[in-house]
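One-based numbering along the sequence shown. We count ligands from 1, going down the list as the structure has it; atoms in each ligand are counted the same way.
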Amino acid sequence: MKDLKYVDHNKVVMNPELSAVSTEDSSTYNHICRILVITSGKGGVGKTTATANLGMSIARLGYRVALIDSDIGLRNLDLLLGLENRILYTAIDVLEAGCRLDQALIRDKRWKNLSLLSISKNRQRYNVTRNNMDNLMKSIASLGYHFILIDCPAGIDVGFINAISPAQEALIVTTPEITAIRDADRVAGLLEANGIYNTKLLVNRVRTDMVKRNDMLSVPDVQEMLGIPLLGVIPEDHNVIIATNKGEPLVLNKKLTLSGIAFENAARRLIGKQDFFIDLTTPYKGILQKVKHFLFGIV
Ligand code: ADP
Ligand code: MG
């Protein structure tokens, strides 16, 4: 695992590319924390699945990652990670001074550099404010995390506004369906209106058989419609449902399925290890060649 050393965990720099978000004096910072919101507008397109798998992959690459379930009243990221029985405290307890932040940050047993913070318990109606979210994320960043991934609730109301408030970057998840794409487009506009310009696209549940029959939009079609740089393409895969029911993100499977490989590739691109455009034009070898062919060659 990557050596994680900090001079002082209380000094942190927000992503310098988007330093407008940072209110602190950057000269006092000595590590970078990227705060991303994973959003879509439409529900059920794969935000929570993407948050769990990308977060787990980035943690396995050696980074300290905090995953935030920002859904008030309908959380489910804990289930995908198999951490539902370990949550005693939520962010709301932290805000009400009922516990310390580290007590509400649940560490994954498999990868201890991955933590989960749920904003609220199920059925809890208490709402947080943008200020609350900003301060919580600053506090988490100051604990030495490299990445904070915020799983955004569906819709574009107050839950969405709160979830995007501390983010410097966004990942928009969509399926190749016209309804999801329209919502993704709307969300992209709202992100820009809120000062988030660094946005990438994840196209989920792609079925190449349907694309071939012209029954589904292709990835280039989706990308053209949205005009957002592509981070990754995830195929439709029944193993996603098996993994959800087991509470084990599928990137942990010993034998990775195509969607697991696709999530891992997207995670590597997210940390800047792999350039997507090289993927499209440079022939891969071995399994990567097959993935490229499957995902892009015939799409
Ligand atoms: P959201 O958080 O956007 O509401 P979820 O991540 O909860 O969406 O996913 C919604 C449903 O779609 C879940 O049942 C999940 O298992 C399923 N799903 C997500 N991605 C895929 C995929 N690539 N292949 C098959 N099923 C998927
Ligand atoms: Mg969700």
For this session: Quick one, list the residues around ligand 1 where some non-hydrogen atom comes in under 4.0 Å, by chain and residue number.
Result: Gly43, Gly44, Val45, Gly46, Lys47, Thr48, Thr49, Asn204, Arg205, Ile234, Pro235, Glu236, Asp237, Val240, Ile241, Thr244
Exercise. Looking at Phe147, does the NZ or CZ of Arg34 lie under 6.0 angstrom from its six-membered ring centre and within 45 degrees of the ring axis?
Worked result: no
Exercise. Under 3.5 Å, is there a donor-acceptor pair between the Asn132 and Thr129 side chains?
Worked result: yes
Exercise. Would you call Glu177-Arg205 a salt bridge at under 4.0 Å N-O?
Worked result: no
Problem set entry | Side chain proximity check, Leu36 to Leu54, heavy atoms < 4.5 angstrom | no
For this session: Walk me through it: do Ile150 and Met137 pass the test side-chain contact (heavy atoms from CB on, under 4.5 Å)?
Result: CA-CA 10 Å; Ile150 304 171; Met137 297 313 128; 4.3 Å; yes
Exercise. Counting backbone and side-chain atoms alike, does Thr48 have an N/O/S atom under 2.8 Å from the Mg ion (ligand 2)?
Worked result: yes
Problem set entry | Cationic N near anionic O, under 4.0 Å, Glu169 to Lys200 | no
